[in-house]
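Quick notes on the structure that follows.
Counting convention: from 1, in listed order, for ligands and their atoms alike. For the single chain, residues carry numbers from 1 onward in sequence order.
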Amino acid sequence: MARAWSAWAFSLPAELLDTAARIFRAEANDGYRDRVVIGGLAGFVDKLHDAVGGEQAAHAAELLHDYAMLAPAERADRLKRAHGLLTGGEVASPSDAGAAIGRPKDRRDGLVRPVAPRPGAAPAGVSLSTPIQALKGIGPVRARVYTRLGILTVQDLLFHFPLRHQAFPPALPIAELFFLTEGSVLGTLERVEVENLPRGLKRLKATINDHSGTVHAVWLRHGVARLGVQPGDPIGLSGKLVQLGRQLTFENPEYERGDGVPLHTRGLVPVHPLTAGLSDRELRSRIHWAVTHFAGRVDDPLPESMRTQHALLPIREALRQMHFPRTLEEHSAARRRLAFQELLTVQLLVLKRRMSWQHDPAAALPRQTPALEAFSGNLPFSLTQAQLRVTDEILNDTALARPMTRLVQGEVGSGKTAVAALALLNTFANGYQGALMAPTAILAEQHFATLSRLFDAAGPQLEVVVGRRPRVTLLTGSVAAKARTSAYNDAASGVADVLVGTQALIQDKLEFARLGLVIVDEQHRFGVQQRVTLRRRAADDSPVAHLLVMTATPIPRTLALSLYGDLDLSAIDEMPPGRQFPKTVLLGSDERHLAYERVLRAAAHGEQAFIICPLVEESEVLEARAATEEYERLRTGELQSLRLGLLHGRMRPADKDAAMRAFRDREFDVLVSTAVVEVGVDVPNATVMLIEGAERFGLAQLHQFRGRVGRGGQPSVCILLTELPDPQASERLRVVASTTNGLILAEHDLRLRGPGDFFGVRQSGMPELKVARLDDAPLVEAARAAASTILSADPELSQAQHAALRARLDAFVHAAEPS
Ligand code: ADP
Ligand code: MG
């Protein structure tokens, strides 16, 4: 190695070397105050590296990168070693610049130590894709440990990002550590003593000197007691300090050899996710090694023009600063860059999906005003402004031969069904069929009943303006075989104008004569794949259907752009007049009796109540058992005078349906249920929603529950019961109690708990986000804009500058959708 360095030094322009030596000397004479170069010595060495390149210059630059933050003693040492590197791996003789920069006297004159205690320099033949097991020091057993962290290759090391950074202070001379409770030092390890304690415990006591004094360090250890730093070696320490009289001791400090770039001590030390059998030091060293040698080999997926436009770091710097930032600003710049890249991937995926969706022509369904007016004129209410606006947006879309892909969001009770009915009616009036898909049989039946009623009311007029009234057909798993066969025939022959159903609509061999519009209600129950399958119902040569998705889940715009970024967005952001929102109250578990009193009072008025049992995330079985126990407890206890029903996720679909139906038909006063009840069945007579363990639910989900009661216009209440007087949880719950705006709650959820709570995140096929936050609106919008720019110029990402991006996208699609 030393020889290679010498060879390289030979080729270093003598002039540059002279300049460097002169500057180093001046810096030494000035007392290491970093004043001799404008912008600092670190910048100078960086430029030197840029000018000459090469591994040694890189190491020198690395050694001095945090020069400005170092204590004078450490500056002297670093400068000396950087100089050694630049002059060929040997410390210069006393007459040259090395001596002139004031190298402290030590016992190791003659040889420069390796730059850092790394697990070896970049071995020949190692590349980004080299399996971790092929690296020195990693056998099959250790490789399995790394695999548990998802680290299979050298590249994976680079992308194993730290959870946080621990900030240690810069090194001070020992004499200046007195009276500090925490500190860092750089000195020489004088000696180590090992004391055997009971039960195999060992106490290591080290003595460290520098020019200003002596400090001790103690560690308690099991088993082998070795520091890996020898007496006489330079050592760096960071940690808690305890002072007893004039004796100063580090307690269990972080430490490392003092002659390299600080990795475990002094400065921002990364804390990486770990697993059993892997120490933080080992992983950190390994990642540092990978960053040093391989970060520069990662192809940057972001073209330079884009980086410039959005002020983003090159990938190489981003990777270094993500793991080993010099300052917090560096770290956030790295985060921003890497987050942008993730968000861009998401946006490219959804926009490409949208492009492929819109690739085939759809049937143009112009606005059939007389039919629409006949329908509206016979509604039992007049449409809200929001309903009118959203209907307009839909009809503008479907009038074109480009397939619509639109998401309508509207809170529970905002009147989405009427909007869907208008869209279906317009499709019918154009001579095309429509399909409406709901997540459960009972919801499908509800829609079937509503549509039939509304179309019947307009029937006589429709007969005049269209020539006939639409024929609505129901198709669910519980429809009898004979009726199902005739539904199939009617769909295929075109006799059925509107098909309302469940997943049966996509699972069965169902064909349509002329399918013009597909509506999916409560989208979060369906994945992207199902949307696509549903569309394939159109015969091969016919135009594709328009797609409308409806959801009651409020979705923050940033999340919508990512999750449903392939869809256009409409919001029914206004409630029909007269709707009373349930009052929300918060009770501690010692006030539970008040909640039951309220339930009993409702029942006395002939009203009904939901009781929702706590969420058990890990296990539907446990959750079902808890609900069953609660049901038994209440049935024989506080609520024994009432009729109780039970509903949970482990019941057979038919039984779930039956329970829900019986509750709707007032056969029970109270439905004890798990969260499965949350999808929109109308029980207009329910006025009490009692939620146990409310702190375990997302705010938006609580809001959904709340929307289930008070639909008949009577005063209603939502009672949130919490187990613990946990202030953090209560704070969240107070937000629910204080607003009826679902979007505010959803944004709160997204900020506090991330996107995992939002339905559909998992089914969406969205890449896993390691760095990006979906509540970072400006960055999401920027990534969206960048993705459209790229795709409009290069839809297939076939340009050379997009090759790395495309590789990344392909890799993701591959991983997410194994065929
Ligand atoms: P969503 O599906 O959005 O939760 P629905 O379509 O089921 O809401 O409508 C909820 C209730 O409000 C229904 O009883 C419906 O008849 C009624 N409704 C819808 N639009 C209006 C309106 N503009 N004015 C008054 N009532 C309305
Ligand atoms: Mg609805």
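Between E607 and N685, the side chains place no donor N or O within less than 3.5 Å of an acceptor N or O (distance only, hydrogens not considered). For the 3.5 Å distance criterion, the side chains of S570 and E393 qualify, holding a donor opposite an acceptor.
Among T417, L454, D521, the residue whose heavy atom lies closest to atom 2 (O) of ligand 1 is T417. Residue nearest to atom 9 (O) of ligand 1, selected from P380, A420, P576, G415: G415 (by heavy-atom distance).
Note that the CE atom of M437 and the NE2 atom of H447 stand 11.5 Å from one another [nearest 0.5 Å]. Going from atom CG of D568 over to atom CG of N396 covers 11.5 Å, rounded to the nearest 0.5 Å.
Every heavy atom of G410 sits 4.0 Å or more from the atoms of ligand 1. Assignment of G413 to the shell around ligand 1 is supported, since a heavy atom sits closer than 4.0 Å. No heavy atom of G707 sits closer than 4.0 Å to any atom of ligand 1.
Cation-pi geometry between R643 and F668 is not met: the NZ or CZ atom fails to fall both under 6.0 Å from the ring centre and inside 45° of the normal.
Below 4.0 Å from some heavy atom of S382 lie the following atoms of ligand 1, by number and element: 22 (C), 23 (N), 24 (N). Within ligand 1, counting atoms from 1 as listed, the ones closer than 4.0 Å to a heavy atom of L383 are 23 (N). Taking every heavy atom of T384 and a limit of under 4.0 angstrom, the matching atoms of ligand 1 come to 23 (N). Of all atoms in ligand 1, listed by their number and element, those nearer than 4.0 Å to a heavy atom of V412 are 4 (O). Atoms of ligand 1 found under 4.0 Å from any heavy atom of S414 (numbered from 1 in listed order, with element): 3 (O), 8 (O).
The proximity of A552 to ligand 1, defined as any non-hydrogen pair under 4.0 Å, does not occur for either the backbone or the side chain. Residue contacts with ligand 1, taken as heavy atom pairs separated by less than 4.0 Å, do not involve M550 at all.
Atom 11 (C) of ligand 1 lies below 4.0 Å from none of the non-hydrogen atoms of the protein. Within a 4.0 Å radius of atom 27 (C) of ligand 1, the protein contributes at least one heavy atom. Under the 4.0 angstrom criterion, atom 14 (O) of ligand 1 counts as lacking any protein heavy-atom contact.
Here the protein heavy atom with the shortest distance to atom 3 (O) of ligand 1 is K416 NZ, 2.8 Å. Regarding atom 19 (C) of ligand 1, its nearest protein heavy-atom neighbour is F381 CZ, 3.5 Å. Given atom 20 (N) of ligand 1, the protein heavy atom at minimum distance is Q387 NE2, 3.0 Å.
Closest approach of E411 and L743 over heavy atoms only: OE2-N, 4.2 Å. Considering all non-hydrogen atoms of both residues, A491 and L499 come closest at CB-CD1, 3.9 Å. The two residues L451 and A421 make their nearest non-hydrogen contact at CD2-CB, 3.5 Å. Across every non-hydrogen atom of T628 and A624, the tightest pair is OG1-O, 2.7 Å.
Results of the salt bridge (charged side-chain N to carboxylate O under 4.0 Å, His left out) test with D497 over R468, R469, R514 single out R468 as the only residue that passes.
Aromatic ring pairs are classed by plane angle as parallel below 30°, tilted from 30° to 60° and perpendicular above 60°; the pair F581 and H703 is parallel.
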